[in-house]
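Data block below; observations after.
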Amino acid sequence: MALVIKARVDLFQGEMRQLLTGPVGPVVSFVRSVARRVRTRAVLKCPVDTGRLRSAHREEVGVRLGQVYGFVVNDVEYAEYVHDGIGPHIIRPRRPGGVLRFETGGEVVFTTYVDHPGTRPQPWLREAMEEVAVPAGFRIVR
């Protein structure tokens, strides 16, 4: 005859809250690990010119109003334009009456405006989230 032992564990509301949303609880730890992997993947996928955009990724994980949240962000002022692209637009000098100066084909050019053709999207952060967070069970919301 087999011996059966039953154990009962009672967790009180405070203990449950600490387990689910405490700084070292398994839920927060899981969200933190996924956010870290998304950030790492985003850094690898990020387009590079000077390296400023790539080095500006940061992750944040926390608890607000009893809900665990995590996100990866890049708040360089031009990150959105690189990520989402931008349509054709005119570039003008910042100062009234000023001129733009740039080099093209080895020549220095001065002009009062540039008719920029736009840039294609390079959604490295969304791709990183789709590759890491979605398989981990997260849903991407805009």
Side-chain angles (χ1 to χ4, degrees), residues 2-96 98-142:
L3 177 64
V4 177
I5 300 175
K6 294 183 180 182
R8 178 180 164 173
V9 177
D10 290 328
L11 294 174
F12 298 105
Q13 185 177 8
E15 292 167 324
M16 283 297 291
R17 188 178 306 112
Q18 185 66 18
L19 184 66
L20 295 174
T21 62
V24 292
V27 174
V28 173
S29 296
F30 176 68
V31 171
R32 182 175 288 115
S33 74
V34 172
R36 185 167 293 129
R37 290 193 327 248
V38 168
R39 181 178 150 271
T40 300
R41 188 75 181 134
V43 166
L44 294 173
K45 295 181 80 62
C46 182
V48 180
D49 185 14
T50 64
R52 182 172 173 224
L53 189 63
R54 177 174 274 180
S55 67
H57 291 88
R58 65 179 172 82
E59 65 197 63
E60 184 176 323
V61 176
V63 180
R64 186 179 308 129
L65 301 174
Q67 299 230 329
V68 179
Y69 68 89
F71 57 85
V72 177
V73 67
N74 189 315
D75 53 11
V76 170
E77 64 274 4
Y78 56 87
E80 180 182 5
Y81 302 123
V82 176
H83 191 271
D84 298 335
I86 189 167
H89 59 283
I90 293 177
I91 301 173
R92 298 192 185 279
R94 290 185 181 143
R95 283 183 272 158
V99 294
L100 299 169
R101 178 195 181 278
F102 58 94
E103 286 187 39
T104 182
E107 287 187 40
V108 177
V109 177
F110 295 93
T111 185
T112 55
Y113 75 95
V114 172
D115 196 6
H116 194 281
T119 58
R120 65 178 173 75
Q122 300 180 66
W124 79 93
L125 189 52
R126 176 170 280 284
E127 290 171 1
M129 290 171 57
E130 288 170 350
E131 292 173 13
V132 176
V134 170
F138 288 85
R139 194 179 62 223
I140 297 176
V141 294
R142 185 92 164 123

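Every heavy atom of this structure was used, including side-chain atoms; hydrogens, water molecules and symmetry mates were not. Because the structure is a prediction, the values reported are computed rather than measured.
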For residues 83-96, run the donor-acceptor check on the side chains, cut-off 3.5 Å, and write out each pair with its distance to 0.1 Å, sequence neighbours left out.
from: His83; atom 1: NE2; to: Leu125; atom 2: N; distance (Å): 3.4
from: His83; atom 1: NE2; to: Arg126; atom 2: N; distance (Å): 3.2
from: His89; atom 1: ND1; to: Gly87; atom 2: O; distance (Å): 2.8

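- Although no hydrogens or angles enter the test, the distance criterion places no donor-acceptor pair under 3.5 Å between the side chain of Asp75 and the main chain of Glu77.
- When all heavy atoms of Ala35 and Val61 are compared, the pair lying nearest together is CB-CG2, 3.9 Å.
- Between the side chain of Arg54 and the main chain of Cys46, a donor-acceptor pair closer than 3.5 Å is present.
- Listed here is the closest heavy atom pair of Val31 and Phe138: CG2-CZ, 4.1 Å.
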Exercise for the section: Start with the C-alpha distance between Tyr78 and Leu53, add both sets of side-chain angles, then the distance that settles side chain to side chain contact (heavy atoms under 4.5 Å, CB included), and finish with yes or no. Expected result: CA-CA 8 Å; Tyr78 56 87; Leu53 189 63; 4.0 Å; yes
Exercise for the section: Kindly indicate, with the supporting measurements, whether the criterion side chain to side chain contact (heavy atoms under 4.5 Å, CB included) is fulfilled by Met129 and Val72. Expected result: CA-CA 9 Å; Met129 290 171 57; Val72 177; 6.0 Å; no
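- You'll find the side chain of Glu60 reaches within 4.5 Å of the side chain of Arg58, heavy atoms only.
- The aromatic rings of His57 and Trp124 stand perpendicular to each other, their planes meeting at an angle above 60°, with 30° marking the opposite boundary.
- Residues Thr119 and Tyr81 approach most closely at OG1-O, 4.0 Å, considering heavy atoms.
- Other residues, nucleotides and ligands contribute more than 12 heavy atoms inside 6.0 Å of the CD atom of Glu103.
- The shortest distance between side-chain heavy atoms of Val38 and Glu131 does not fall below 4.5 Å.
- Here the closest heavy-atom approach between residue Phe102 and residue Thr111 is recorded as CE2-CG2, 3.8 Å.
- Atom-to-atom distance recorded for Glu127:CD and Arg41:CZ is 9.0 Å, nearest 0.5 angstrom.
- Considering only heavy atoms from C-beta on, Phe71 stays 4.5 Å or farther from Glu59 through its side chain.
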